[in-house]
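Below is one structure, written out as structure tokens; comments come after it.
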There are 2 protein chains.
Amino acid sequence: MKNNITESSKCNAEDFPSVDGLRMTRQRSEVYSVLMSYRDHPTAGEVFERAKENMPTISLATVYNCLEALVQHGAVRQVNFERESSRYCPNLTEHGHFHDEESGKIIDVPLKKGAKLSDLLDLPEGAEIDNLEITLRGKISNN
Amino acid sequence: MKNNITESSKCNAEDFPSVDGLRMTRQRSEVYSVLMSYRDHPTAGEVFERAKENMPTISLATVYNCLEALVQHGAVRQVNFERESSRYCPNLTEHGHFHDEESGKIIDVPLKKGAKLSDLLDLPEGAEIDNLEITLRGKISNN
DNA sequence: TCAATAATTAGAATTATTCTAAAAATAGCT
DNA sequence: AGCTATTTTTAGAATAATTCTAATTATTGA
Ligand SMILES: [Mn+2]
Ligand SMILES: [Mn+2]
Ligand SMILES: [Zn+2]
Ligand SMILES: [Zn+2]
């Protein structure tokens with residue numbers, strides 16, 4: 001029952017009126033609410049399909065523009081798996097992504113609190129990390 | 001003076017005659033030696049340019065085919081940065097990649113020996129990891 | 001030697017994304 | 001409110017990395 005969006009738990013664009021220094025147009029608000037409501041990792045095309053339900057006139061170019069604006073303002077994250085189309089993630093906590101090969105699902109993988117990256121990696125001398133991406137692929141053996 | 005390929009240290013295709021269960025054609029051998037000689041992270045296009053120096057008739061389609069075969073047989077690794085073209089890595093030890101925003105260079109980041117991924121990540125119950133990709137972007141402050 | 005299979009090749013096709021340029025919306029004045 | 005500058009949206013064209021197609025060439029192994 002985790003992360004299951006019921007009809008009554010769905011949000012509307014007006015529930016997300018502002019993102020820091022970004023002018024909130026109707027389209028940006030709609031795209032943002034699509035991501036905040038269904039908390040999965042849709043592609044731009046999937047965001048487009050969902051956004052059209054509420055706003056049938058929105059264009060794919062605008063969805064790309066809105067996603068870019070939201071990413072640049074740190075409101076959502078862009079995640080990439082191999083060469084597949086980019087996906088967009090509403091979870092702003094530090095986390096990686098596990099791609100389940102069986103179900104195709106993408107699962108957020110939280111970074112353990114207090115864990116330091118430098119415990120795992122031999123970082124280059126003087127490296128200042130602006131961005132970290134951790135991607136896992138595999139299966140979930142449920143028995 | 002690390003990882004500097006001098007003229008005399010360059011290798012030729014015949015220095016890499018075999019990769020486990022993969023039929024070693026002239027083209028595959030050439031592509032493989034390009035990767036093993038210059039130990040950086042070239043794109044398919046860059047591999048193509050380098051391979052043509054020794055084998056002017058090789059085609060880009062073949063370079064893509066060879067790279068795919070080498071990746072599938074675990075002889076080289078494919079690495080992706082955001083939506084850029086794929087790059088190919090000859091380093092088979094477990095490591096991540098640091099993309100230096102200033103120089104554009106890609107630096108291998110070794111995993112510390114003995115470090116466990118589960119110390120850093122809250123992996124999903126029963127996750128069997130087939131593939132791990134760690135990508136870092138940032139600057140190197142040298143002072 | 002001779003089929004069967006696999007690899008290479010040039011060029012066409014695909015597809016996610018970006019670009020272009022015109023229309024619409026918005027913001028900041030007066 | 002009107003006016004103007006700026007930003008955003010939009011449809012459709014363009015781009016570019018990669019994959020596909022179908023013909024040719026190379027290799028295997030009976
Ligand atoms: Mn998938
Ligand atoms: Mn770069
Ligand atoms: Zn996520
Ligand atoms: Zn590498």
Side-chain angles (χ1 to χ4, degrees), chain A residues 13-14 16-35 41-52 54-73 75-89 106, chain B residues 13-14 16-35 41-52 54-73 75-89 106:
Chain A
E14 50 272 22
F16 304 102
S18 72
V19 165
D20 52 57
L22 183 65
R23 186 193 288 179
M24 255 311 172
T25 62
R26 289 192 315 120
Q27 288 83 352
R28 284 173 184 165
S29 199
E30 175 60 33
V31 165
Y32 189 44
S33 97
V34 161
L35 286 164
H41 297 84
T43 63
E46 288 163 353
V47 172
F48 181 45
E49 289 309 316
R50 294 175 188 178
K52 273 198 290 193
N54 276 336
M55 189 181 279
T57 59
I58 196 171
S59 75
L60 179 57
T62 297
V63 169
Y64 273 103
N65 290 341
C66 293
L67 289 170
E68 184 183 33
L70 290 166
V71 168
Q72 278 174 343
H73 284 75
V76 306
R77 293 175 54 190
Q78 182 169 13
V79 320
N80 297 291
F81 293 94
E82 322 260 301
R83 304 248 80 226
E84 295 174 20
S85 17
S86 283
R87 294 178 175 276
Y88 296 87
C89 168
I106 291 157
Chain B
E14 51 270 23
F16 305 101
S18 72
V19 165
D20 52 57
L22 183 67
R23 185 193 290 179
M24 255 313 173
T25 63
R26 291 192 314 119
Q27 288 85 350
R28 284 173 184 166
S29 199
E30 175 60 33
V31 166
Y32 189 44
S33 96
V34 161
L35 286 164
H41 297 84
T43 63
E46 287 163 354
V47 172
F48 181 46
E49 289 310 315
R50 293 175 189 178
K52 274 198 290 192
N54 276 339
M55 189 180 281
T57 59
I58 196 171
S59 75
L60 179 57
T62 298
V63 169
Y64 271 103
N65 290 341
C66 293
L67 288 170
E68 184 183 34
L70 290 166
V71 168
Q72 276 173 345
H73 284 75
V76 305
R77 294 176 51 191
Q78 182 170 13
V79 319
N80 297 292
F81 293 94
E82 323 258 304
R83 303 248 81 227
E84 296 174 18
S85 17
S86 283
R87 295 177 174 277
Y88 296 86
C89 168
I106 290 157

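Protein chains get the first letters and strands the later ones, always in sequence-line order, with residue 1 at the start of each.
- Protein atom CG of B:L60 is 11 Å distant from nucleotide atom C1' of D:dT19, rounded to whole Å.
- Note on A:T43: nothing from the nucleic acid sits closer than 4.0 angstrom, heavy atoms only.
- D:dT18 atom C1' lies 14 Å from atom CD of A:E84, rounded to whole Å.
- Taking a heavy-atom distance under 4.0 Å as the criterion, the stretch of DNA chain C touched by chain B extends 5' to 3' from C:dA6 to C:dT17.
- Rounding to whole angstrom units, CD of residue A:E30 and P of D:dT8 are separated by 18 Å.
- A:F48 pairs with exactly one of A:V63, A:V34, A:T62 by the side-chain contact (heavy atoms from CB on, under 4.5 Å) rule, that one being A:V63.
- In this structure, A:Q27 atom CD and D:dA11 atom C1' are separated by 14 Å, rounded to whole Å.
- For A:E82 and D:dT19, the CD to P distance is 11 Å, given to the nearest whole Å.
- Residue A:M24 contributes atom CE, which lies 15 Å from atom C1' of D:dT7 at whole-angstrom precision.
- Within the 4.0 angstrom heavy-atom criterion, base atoms lie near B:T62.
- Taking the side chain as every heavy atom from C-beta outward, B:I58 and B:V31 approach each other to under 4.5 Å.
- Following rounding to the nearest Å, B:R28 (CZ) and D:dT27 (C1') show an atom-to-atom distance of 11 Å.
- Spacing between atom CG of A:L22 and atom C1' of D:dT7 amounts to 12 Å, rounded to whole angstrom units.
- Where A:A44 and B:N65 each meet DNA chain C at their nearest nucleotide, the meeting point lying more 5' is that of B:N65.
- Inter-residue side-chain proximity for A:Q72 and A:E68 is flagged as met; some heavy-atom pair is nearer than 4.5 Å.
- For the pair B:L70/B:Y88, no side-chain contact is recorded, criterion being any heavy-atom separation below 4.5 Å from C-beta on.
- Comparing B:A61 and A:R23, the nucleotide of DNA chain D nearest to each residue sits closer to the 5' end for A:R23.
- Counting heavy atoms from C-beta on, the side chains of B:E46 and B:T43 come closer than 4.5 Å.
- Nearest heavy-atom pair, B:N80 versus A:E82, reported as atom, atom and distance to 0.1 Å: ND2-CA, 3.5 Å.
- Along DNA chain C, the nucleotide nearest B:R83 and the nucleotide nearest A:T25 are compared for position; the residue whose nucleotide lies closer to the 5' end is B:R83.
- Closest approach of A:G21 to A:H73, counting heavy atoms only: O-NE2, 3.8 Å.
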